[in-house]
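Atoms considered below: every heavy atom in the structure, side chains included; atoms not considered: hydrogens, waters and symmetry mates. Everything quoted here is computed from the prediction, not taken from an experiment.
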Number of protein chains: 2
Amino acid sequence: MRKHLEIFPVTGLPEVAAGDDLAALIAEGTDLRDGDVVSVTSKIVSKAEGRLTYGTRQEAVDAELVRVVAQRGETRIVQTRHGLVMAAAGTDTSNTAPGTVLLLPVDPDASARDLRTALQERYDVNVGIVVTDTLGRPWRNGQTDLAIGAAGVRVVEDLRGTTDSHGNVLAVTEPALADEIAGASELVKGKADGVPVAVLRGLEDVVLPIGEHGPGARALVRDAEHDMFSLGTRESARAAVLHRQPPSGPRAADPALWSGLLTDVDGVRLEAADNAVTVFGDEPVTVGLVAERLAVLLHAEGYGVTVRPGPGSEATVTFGSRSG
Amino acid sequence: MRKHLEIFPVTGLPEVAAGDDLAALIAEGTDLRDGDVVSVTSKIVSKAEGRLTYGTRQEAVDAELVRVVAQRGETRIVQTRHGLVMAAAGTDTSNTAPGTVLLLPVDPDASARDLRTALQERYDVNVGIVVTDTLGRPWRNGQTDLAIGAAGVRVVEDLRGTTDSHGNVLAVTEPALADEIAGASELVKGKADGVPVAVLRGLEDVVLPIGEHGPGARALVRDAEHDMFSLGTRESARAAVLHRQPPSGPRAADPALWSGLLTDVDGVRLEAADNAVTVFGDEPVTVGLVAERLAVLLHAEGYGVTVRPGPGSEATVTFGSRSG
């Protein structure tokens with residue numbers, strides 16, 4: 001248990017420009033102590049690193065994104081090179097000159113490591129660094145600040161397998177410390193006041209020894225492969241018909257997968273083999289409908305799928321691991 | 001800008017049981033001041049309210065859920081009566097006796113209001129209350145604590161339309177204060193130590209005057225209707241074929257919606273009317289395939305859809321607003 005946590009803003013920092021020495025600005029702006037965590041808004045890291053580009057915001061987003069996760073109207077939720085899923089790829093046009101767009105740091109974990117090393121070597125203080133940005137989230141209104149870069153802090157507290165005060169094993173509890181630190185620091189930074197740095201004092205056990213930077217905020221990114229929300233609702237359904245991949249290997253499927261498929265359809269039967277299902281019926285148009293429905297269901301389960309109309313009133317849906 | 005934030009745990013609380021007076025336990029366990037925010041883990045609110053049920057966890061989840069949002073293996077992400085999207089509907093079997101399951105408070109905002117009123121009336125102190133729980137999230141590893149109940153606090157800071165220090169309008173920034181408060185307090189509570197209450201001092205501007213409880217944490221819940229991730233990737237594609245609703249009114253669609261549909265298909269043409277598209281072709285099985293693909297695309301865009309095979313080698317896809 002931590003006894004007492006203090007969070008205070010670092011005030012009086014000047015406007016940051018390309019090439020500025022953030023370590024000096026921060027160390028000279030406050031009285032850092034060993035074991036402090038310094039929370040730095042990514043915007044000033046980007047500015048110090050000269051991550052300003054010319055053009056429209058849309059052009060900047062196009063250049064920064066790895067894939068589009070979801071889109072409605074003008075809003076594009078994309079995944080960035082860093083693995084972050086966020087609106088507009090983290091590009092920023094507030095606090096920037098017209099016609100310019102500020103991008104995220106190239107590698108916010110590296111930025112955090114550099115800052116930590118500079119503070120340690122030149123100011124003889126062992127602090128943890130969290131680089132923050134503001135992100136929206138599914139299912140909740142409003143945004144919170146999260147950690148997009150980190151150095152010298154335990155980003156996740158792994159409590160799996162430990163016991164609570166009643167002796168029960170805490171099976172799946174891994175508090176995302178670095179994200180909670182980012183959100184906590186936002187409470188004192190405030191968006192409208194231009195206070196981009198805060199210090200958290202009282203988290204000494206979260207700060208790693210000198211020389212150990214830890215896994216960084218990258219460890220907080222979950223692979224799309226392991227995510228139940230790797231695409232938006234709309235994009236997921238579109239992918240099932242427009243971006244389907246062919247099967248690249250045999251794989252068996254549980255027939256329960258297509259239970260319910262024929263409830264409102266007459267005169268159709270399915271014949272399942274190991275990695276194919278053939279749809280037979282009296283009405284060839286209906287055979288096509290059912291075969292395509294089956295293909296969508298299989299795609300949703302992670303299969304590569306191909307549908308081939310047969311010579312008569314049948315169609316075969318072949319499935320297996322994805323080739324792509 | 002807030003100048004200084006202190007967060008400290010309320011230690012020495014006894015094990016909470018049904019009927020316990022949380023206001024007394026908290027007020028006597030610490031020295032509360034006007035303007036403090038008290039962060040209370042939902043578990044002790046549930047315990048005090050006697051929200052213990054007998055049976056398996058699965059039975060409890062079935063009873064608590066409103067809809068299943070996503071499922072993989074044993075993991076079910078569901079939406080609760082409160083609108084919260086979370087694993088296992090927030091049910092809890094840690095820190096409980098075998099064969100029992102702890103449920104979330106019936107109305108955590110009401111719990112927060114009751115606690116705030118009791119502290120004000122009996123201990124003459126005006127504090128804000130946040131009731132917290134631990135939730136996973138898409139795209140990120142680890143969990144953070146979020147606000148599932150609140151009273152007397154501004155849950156969201158509405159900065160839309162205000163200007164930053166450069167005079168730019170902050171268009172879409174609404175920090176979810178109550179969620180950041182919940183996460184910040186988790187840093188001192190610690191999961192394994194049984195410290196369910198923390199006090200945040202320095203957020204006086206977030207605390208509302210006596211008698212004003214504010215909108216509660218319910219205001220942080222985004223409607224599924226407005227959410228780009230209202231279903232899991234898999235569930236979204238399954239819904240497009242298994243849980244489709246018929247159209248209930250005429251509605252025009254942009255043909256761009258089905259661009260790309262015929263790129264790998266020969267001998268098929270589409271004829272669009274205001275709220276229907278008819279698919280014609282030489283191969284009736286292929287007509288069925290294309291019609292079903294079109295139906296999936298339209299469903300993904302929010303339309304109610306019906307597919308009807310015609311008498312010959314054609315099928316008509318009718319669409320419009322959803323009836324359900």
So which part of [X] gets closer than 4.5 Å to some heavy atom of chain B, the side chain, the backbone, both or neither?
X	answer
A:Glu314	backbone
A:Ala224	neither
A:Leu242	side chain
A:Val85	both

Q. side-chain contact (heavy atoms from CB on, under 4.5 Å) between A:Met228 and B:Arg234: does it pass, once the steps are laid out?
A. CA-CA 7 Å; A:Met228 288 188 259; B:Arg234 174 184 302 184; over 6 Å; no

First locate atom [atom1] of [X], then atom [atom2] of [Y], and finally report the distance between them rounded to the nearest 0.5 Å.
X	Y	atom1	atom2	value
A:Leu220	B:Thr144	CG	OG1	10.5 Å
B:Asp179	A:Gln143	CG	CD	11.0 Å
B:Thr233	A:Glu235	OG1	CD	10.0 Å

Would you name the heavy atoms of [X] and [Y] that are closest together and state the gap between them?
X	Y	value
A:Arg140	B:Arg222	O-NH2, 2.9 Å
A:Ala184	B:Leu187	CB-CD1, 4.3 Å
A:Val285	B:Pro309	CG1-CB, 3.8 Å
A:Phe8	B:Lys3	CB-O, 3.8 Å
A:Glu225	B:Arg72	O-NH1, 3.5 Å

For each of [options], tally heavy-atom pairs with chain A at distances under 4.5 Å, and name the one with the top tally.
options	value
B:Leu203, B:Asn141, B:Thr263, B:Val156	B:Asn141
B:Ser236, B:Ser313, B:Gly260	B:Ser236
B:Ala239, B:Ala147, B:Ala182, B:Gly310	B:Ala147
B:Gly288, B:Gly232, B:Gly312	B:Gly288
B:Gly142, B:Gly302, B:Pro284	B:Pro284

Do other residues, nucleotides or ligands put more than 12 heavy atoms under 6.0 Å from [X] [atom1]?
X	atom1	value
A:Asp205	CG	yes
A:Asp264	CG	yes
A:Asp266	CG	no

Given heavy-atom pairs under 4.5 angstrom as the criterion, report whether the side chain, backbone, both or neither of [X] touches chain A.
X	value
B:His226	backbone
B:Ala240	side chain
B:Arg244	side chain
B:Ala219	backbone
B:Gln71	backbone
B:Glu283	neither

Q: Output the option from A:Ala176, A:Ser230, A:Pro138 having the highest count of non-hydrogen pairs under 4.5 Å with chain B.
A: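 Max contact count across the listed options: A:Pro138.
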
Q) Who among A:Thr75, A:Leu231, A:Leu84 has the most heavy-atom pairs with chain B under 4.5 Å? A)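 Top count of heavy-atom pairs under 4.5 Å with chain B: A:Leu231.
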
**Q.** Side-chain heavy atoms of A:Arg137 within contact of B:Leu146, under 4.5 Å
**A.**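 Yes, close enough: below the 4.5 Å cut-off.
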
Q) Looking at side-chain heavy atoms only, is the closest gap between B:Arg238 and A:Leu257 below 4.5 Å? A)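 Answer yes - side chains close enough.
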
Q. Of all the residues in residues 289-297 of chain A, which have a heavy atom that comes within less than 4.5 Å of a heavy atom in chain B?
A.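 Heavy-atom contacts from residues 289-297 of chain A to chain B are A:Leu289, A:Ala291, A:Glu292, A:Arg293, A:Val296, A:Leu297.
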
(Q) Apply side-chain contact (heavy atoms from CB on, under 4.5 Å) to residues A:Thr134 and B:Glu174 and explain how you reach the verdict. (A) CA-CA 10 Å; A:Thr134 305; B:Glu174 295 177 279; over 6 Å; no

Q: Examine distances only and state if a side-chain atom of A:Asp227 and a backbone atom of B:Trp139 form a donor-acceptor pair shorter than 3.5 Å.
A: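 Looks like yes, one N/O pair under 3.5 Å.
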
